[in-house]
Amino acid sequence: MGIEFFEKERIFKLDTPKSSYIIGVVDEENFVGHVYYGKKCRDYKLGYLMRTDEAPFVPSKNERDRLSFLDAFPFEYSTHGLGDFRESCIQVKTSKGQSAVSLSYVEHKIYAGKPALSGLPATFGTEQECSTLELVCRDNVLDLKVILYYSVFEDTDVVTRSVKVVNEGKETIYLTKVLSACLDMDNQDFELLTMHGSWARERKVQYRKIGYGQQGVTSLRGESSHQDHPFMALKAGDATQEMGDVYGMHFVYSGNFLAQAELNQFDSVRAVMGINPKDFCWKLEPQDEFQAPEVVLVYSAQGLDGMTTSLHTLYRKHLIRSEYKDKKRPILINNWEATYFDFNTEKLLQIAKQASELGIEMLVMDDGWFGKRNDDNTSLGDWDVNEEKINGGLKYLVDEVNKLGMKFGIWFEPEMISPDSELYKAHPDWAIAVPDRTPGRARNQFVLDLSRKDVREHTYESIAKILRSANIEYVKWDMNRPLSDIGSAELPADRQGELFHRYVLGVYELQERMMTEFPHLLLENCSGGGARFDPGMLYYSPQIWCSDDTDAIERLSIQEGTAMIYPLSTMGAHVSDCPNHTVGRITPFETRGYVALAGTFGYELDVTKIPEEDRNSIPEQIQMYHKYNDLVREGNYYRIASYAQNHEYDCYMVVSQEQTEALVTFVQVLNRPNCKSRKIKLKGLKSEANYVLEETGALYAGDTLMNAGILIENPWGDFKGKLLHLTMQK
Ligand code: DGJ
């Protein structure tokens, strides 16, 4: 495992436990080519795969067909304007108005460990856990240095990539495009897997066969978005959930992105990922550098399941930093769906008192506690406690909640400013806006210009002063509108194209600062539900609110997409009241509990008002959480059946790392008459071990459970669920 350089052949070989990634340097001009990515190979002499011995050969042997070479060669990092007509990764604008870039290998470094990316979230590991290759390339005409970073980990099958650009010349250069990763491969009848959605419908999985030309997903909303997700996978035509080649690319970033696959004339595919070049232009003065965010590449020979396992391992061990990452999270009750804006100290304490008696461990006060905010039209930016509602003050409320033996959490939307706020009256120029245009409102609010230091300073202090004022142990950091009307009152004209990225850096800086001052805080990111559920945010918060749709049935497919690429420990999931506030559906309280169990688990209801029968079942539900959460948080997750695909039932399971315990969740959606029981084949168990099914006491062989399966009787009624708990016989 690790990274090696074979000098004679000019080959770099990067090995993970089960995959190899091979790079070659070719010809006199030192082009950096992609040789191979896939199942582990012992040999490194695979340079022939770059096909430089076939026509059109390399420029030193055939300069007359240089363009044909450039347009067919598998580049590690594609360049612009000189004959490679596929998607480029980098493009510039010089003082002479030129845009072309050409890159050649210059030198490299291989070392143990992995450098942090300045100002950006990134995966990390110790010198024992990972190693890094820095490939230094240069454009000698532009005097531009481009460093390609690759890291591999000892315990998971991923290769991470990022790019740093340094202006070594004497003239200012504008970077108009700088993607983070490129992967050129022969087509394997690939299907493109992406995730799409909308508010309350996030991360629904979509498959499409790739065709000639370009296809992919993007965001230009300033956040990763409800609509598209900064992830894509290329799944070989014969790959399945359990078997076959799958290549995933996931962007560790929370702003505009481009994820694109391009099938070309030679049936090779170029997959690229990075900051969306639209509305991006970064000024690089002499000696300035630009650090592009990280992309996680994952290869699996075990279909989608293998990809999921690798990403879960990476994020759990090498991305999430919170002190809560390996801990059970306090079971919270959030007052949003319980009261919306209509609450005061008494109401919150009534909820808390009842909740604490039932075993709930934390009260979260959501939107509406500050300024004069009694609806969503006002006061964002005025982070002063509204003592008419929070009578007695915030500290009194928190102390009273603490006296009940509960923790206290609070909601903020730090990035926003209401036109109707004291802050806006004082600083109208702090909102992002195009000069001479009235900025568009969304939820009646504007976005703060976090590219400005004074705005960040003020924003941080307004939140921190609240956090310092009482024993607040959890923050829900919300963000309820995308960015539009891109313009900053402070940035000079030739830096306006930096605003989108500077905004994201501003968000990261604020969250980093908050977690540094309040290291014990449990932070949950949120964006009108799950519009900013991305690996970038996981670097700051161990959990993210998955969706505003808390309906147990809608959540099946939302959580299916989310869990395919994120650990269950990161998925904010709550039990809410019925009829569900988003879709009006009535589902059994029990099923709502089973579905929320797959995430962080909590409640989003007025516990003093729900039906008595539901309330009475909360202690049992909480026992269930305590019994299974270690397994859910730490175990390996497997998808068994998808309601989104079969339209009848959903089934997934988690297996402990030692394979001694497993929990299967089965949810039937609509019942049908006169049906046979369903056969479910389990996964991830030890073939040679025997397992006891707790519900019946029956003993099954591991290989029987996985190869032959078990039968699950259709539950009576709609929207019913079942848990099956298996423990290894000692
Ligand atoms: C959107 C969030 O997703 C909700 O949970 C809630 O916090 C509201 N915002 C409050 O405005």
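Remember, it's 1-based here, ligands and their atoms both numbered in the order they're listed.
- For Y253, the ring-ring contact (aromatic ring centres under 6.0 Å, His included) criterion is met by F251, H501, not counting sequence neighbours.
- The ring-ring contact (aromatic ring centres under 6.0 Å, His included) check on Y540 picks up Y508, with sequence neighbours excluded.
- Counting heavy atoms from C-beta outward, I472 and L394 have side chains that approach closer than 4.5 Å.
- The 4.0 Å heavy-atom shell around ligand 1 contains residues W336, D366, D367, W411, R443, K476, D478, N480, C526, G528, G529, W545, D548, ordered by chain and number.
- With contacts defined as side-chain heavy-atom distances shorter than 4.5 Å, the pair E517/R468 qualifies.
- Listed by first and then second residue, the side chain to side chain donor-acceptor pair (under 3.5 Å) pairs involving residues 575-598 are Y340-H581, T550-S576, T550-N580, D551-R585, T587-R592, E590-Y594 (not counting sequence neighbours).
- A ring-ring contact (aromatic ring centres under 6.0 Å, His included) with F341 is found for one member of W336, F370, W411, W369 and no other, namely W336.
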